[in-house]
2 protein chains.
Amino acid sequence: MTAPIAPLTQMMREYADPAACPVRNVLDHLGDKWSVLIITALAHRPYRFGELRREIADISQRMLTQTLRDLQSDGLIEREVFPTTPPSVEYRLSPMGKSFLVPLSAMVDWAFEHFPAIKEARAEFAKAA
Amino acid sequence: MTAPIAPLTQMMREYADPAACPVRNVLDHLGDKWSVLIITALAHRPYRFGELRREIADISQRMLTQTLRDLQSDGLIEREVFPTTPPSVEYRLSPMGKSFLVPLSAMVDWAFEHFPAIKEARAEFAKAA
DNA sequence: CTGTATCCTTTTCGATACTG
DNA sequence: CAGTATCGAAAAGGATACAG
């Protein structure tokens, strides 16, 4: 169990300058409500803007636009405009975006596996308080 | 690359009820600024409250207390009070907390590996705009 | 259809002061 | 030492209206 934490110590050193910390840059995106959902949707196939809007349902247009721009800026997704009338824009995972599915899936697997224990821990904690 | 996304589709279905979504419950903690840093510190050894405060340096007392409570509530860390004078409180990773280091390390590894590409993508994106 | 711009509410979080 | 309580600034995010 010591092997996995080696990169974590590296993160701590790196954190001396928060803006330069790779981990913070990545995790900030995981934390926001929508990035993971968008990446998840695009893991299946490319989507158009309106399709994503319907797929995710309770995302606002504002946040969808903004999150797509952020993901594009980081190079995780690619944006292709089709100059039809009306215009159509397609989003897809970039190769780097696809590679991100691996650690993301590890997190998702862990979450599913331990969620019952987490719920139980919360109930216990609430009872104790 | 299709194998890793299977749990992601499960997440999408689960998201129908956001409060019941295991993934959201876990990733919400990753997103906040301090959880990962605290877990990282505790990966090395147990820490007392004041030690953590110094180790993380720019965390406020308020956020340290709050984040520790959340992690404890989720069962990721354990809290032990030593009734000395002055009192001393020690925090350590629980077994579940230690198991979390595995997917966390996967994310950290990915972040370090791709951070150069991300920075490059951002520069490119900024130039294009 | 695919966005942008603005307003305004909600949430987050640091600073500060105080307690056992 | 290890917190708790309160306040106010700042940021995030939804709703709405409008544009190419």
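Atom set for the values below is all heavy atoms of this structure, side chains included, hydrogens, waters and symmetry mates excluded. Labels below follow one simple rule: chain letters A, B, ... track the order of the sequence lines, proteins then strands, and each chain is numbered from 1.
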**OP:** Could you pick out which residue, Q66(A) or E51(B), lies toward the 5' side of DNA chain D when each is mapped onto its nearest nucleotide?
**Re:**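 Looking at the nearest nucleotide for each, E51(B) comes out on the 5' side.
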
Original post:
Would you say dG3(C) has OP1 or OP2 under 4.0 Å from some side-chain N or O of Y91(A)?
Top reply: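 Yes, within the criterion.
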
Original post:
Would you say dG3(D) has OP1 or OP2 under 4.0 Å from some side-chain N or O of R48(B)?
Top reply: no

Original post:
With distance as the sole test, does D74(B) use its side chain to make a donor-acceptor pair with the main-chain N or O of L76(B) at under 3.5 Å?
Top reply: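 Flag not set: sc D74(B) to bb L76(B) has no pair under 3.5 Å.
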
Of the listed nucleotides ([options]), which one gets closest to any side-chain atom of [X]?
X      : options                  : answer
P87(A) : dG20(D), dT4(C), dT4(D)  : dG20(D)
F49(A) : dG3(C), dG13(D), dG3(D)  : dG3(C)
R62(B) : dG13(D), dG3(D), dG14(C) : dG14(C)
S60(B) : dT2(C), dG14(C), dA2(D)  : dG14(C)
R79(B) : dG3(D), dG14(C), dG3(C)  : dG3(D)

**OP:** Look at all strands and tell whether R53(A) reaches a base, only sugar-phosphate, or nothing, counting heavy atoms closer than 4.0 Å.
**Re:** nothing

**OP:** Start with the C-alpha distance between D32(B) and S35(B), add both sets of side-chain angles, then the distance that settles side chain to side chain donor-acceptor pair (under 3.5 Å), and finish with yes or no.
**Re:** CA-CA 6 Å; D32(B) 78 67; S35(B) 293; 2.9 Å; yes

Original post:
Is atom CD of Q66(A) surrounded by more than 12 heavy atoms (other residues, nucleotides or ligands) closer than 6.0 Å?
Top reply: yes

Measure from [atom1] on [X] to [atom2] on [N] and round the result to the nearest Å.
X      : N       : atom1 : atom2 : result
D28(B) : dG13(D) : CG    : P     : 11 Å
L68(B) : dT4(D)  : CG    : P     : 10 Å
L64(B) : dC1(D)  : CG    : C1'   : 13 Å

Original post:
Relative to the ring of Y91(B), is the ring of F49(B) parallel (under 30°), tilted (30 to 60°) or perpendicular (over 60°)?
Top reply: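 The rings of F49(B) and Y91(B) sit tilted, inter-plane angle from 30° to 60°.
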
Original post:
Closest nucleotide of DNA chain C for P86(B) versus for S88(A): which of these residues is on the 5' side?
Top reply: S88(A)

